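Computation of the quantities below employed the complete heavy-atom set of this structure, encompassing side-chain atoms and omitting hydrogens, waters and symmetry-equivalent molecules. Owing to the predicted nature of the structure, the values given are computational and were not obtained by experimental measurement.
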Amino acid sequence: MQREIWFHKVLWSYMPCHLMGFVVMAAVIFPTIIAINLGQMALDALGYAGADWLAFPIFFIPAFLFLLRVSKRHS
């Protein structure tokens with residue numbers, strides 16, 4: 001069974017070329033942004049304002065790796 005093509009490789013990145021490519025990106029990006037913001041607000045509320053940067057790598061890196069794997073698989 002052949003995989004559907006949702007992304008095209010352009011130079012060193014992948015660009016969505018199908019509706020499902022945009023849907024997958026939105027389904028990962030929007031919850032990641034919300035999680036980063038909630039994590040920063042929680043750290044600030046707990047008094048760790050200097051650790052606001054911590055929520056970014058915790059949520060961004062797994063989301064980035066997941067999207068990279070999906071885009072490679074569906075290109």
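Atom-to-atom distance recorded for Thr32:OG1 and Asn37:CG is 11.0 Å, nearest 0.5 angstrom. To the nearest 0.5 Å, atoms CD1 (Ile58) and CG (Leu54) are separated by 4.0 Å. Expressed to the nearest 0.5 Å, how far CG of Leu67 lies from CZ of Phe7 amounts to 6.5 Å.
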Please step through side-chain contact (heavy atoms from CB on, under 4.5 Å) for the pair Ser75 and Ile5, ending with a clear verdict. CA-CA 5 Å; Ser75 65; Ile5 295 177; 5.7 Å; no

How far apart are the C-alpha atoms of Ile36 and Gln40, what are their side-chain angles, what is the distance that settles it, and do they pass the side-chain contact (heavy atoms from CB on, under 4.5 Å) test? CA-CA 6 Å; Ile36 289 170; Gln40 288 179 339; 4.2 Å; yes

Show the numbers, then the answer: is there a side-chain contact (heavy atoms from CB on, under 4.5 Å) between Tyr14 and Lys72? CA-CA 8 Å; Tyr14 295 92; Lys72 279 185 179 182; 3.1 Å; yes

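For the pair Pro31 and Ala26, the tightest heavy-atom approach, listed with the atom from each and the gap, is CD-O, 3.8 Å.
Each of Ile34 and Phe59 belongs to its own hydrophobic cluster when Ile, Leu, Val, Met, Phe, Trp and Tyr are linked at side-chain heavy-atom distances under 4.5 angstrom. Neither Met41 nor Tyr48 shares a network with the other; the hydrophobic side chains, linked directly or stepwise wherever heavy atoms of I, L, V, M, F, W or Y lie under 4.5 Å apart, form separate groups for each. Residue Phe56 is grouped with residue Leu65 when hydrophobic side chains (ILVMFWY) are merged at heavy-atom distances under 4.5 angstrom, including chains of intermediate members.
Counted within 6.0 Å of NZ on Lys9, heavy atoms from surrounding residues, nucleotides or ligands total more than 12; the atom is thus considered enclosed.
A donor-acceptor pair under 3.5 Å links the side-chain atoms of His74 to the main chain of Glu4, judged by distance alone.
Contact annotation: the side chain of Leu68 approaches that of Ser71 to within less than 4.5 Å [non-hydrogen atoms, C-beta and beyond].
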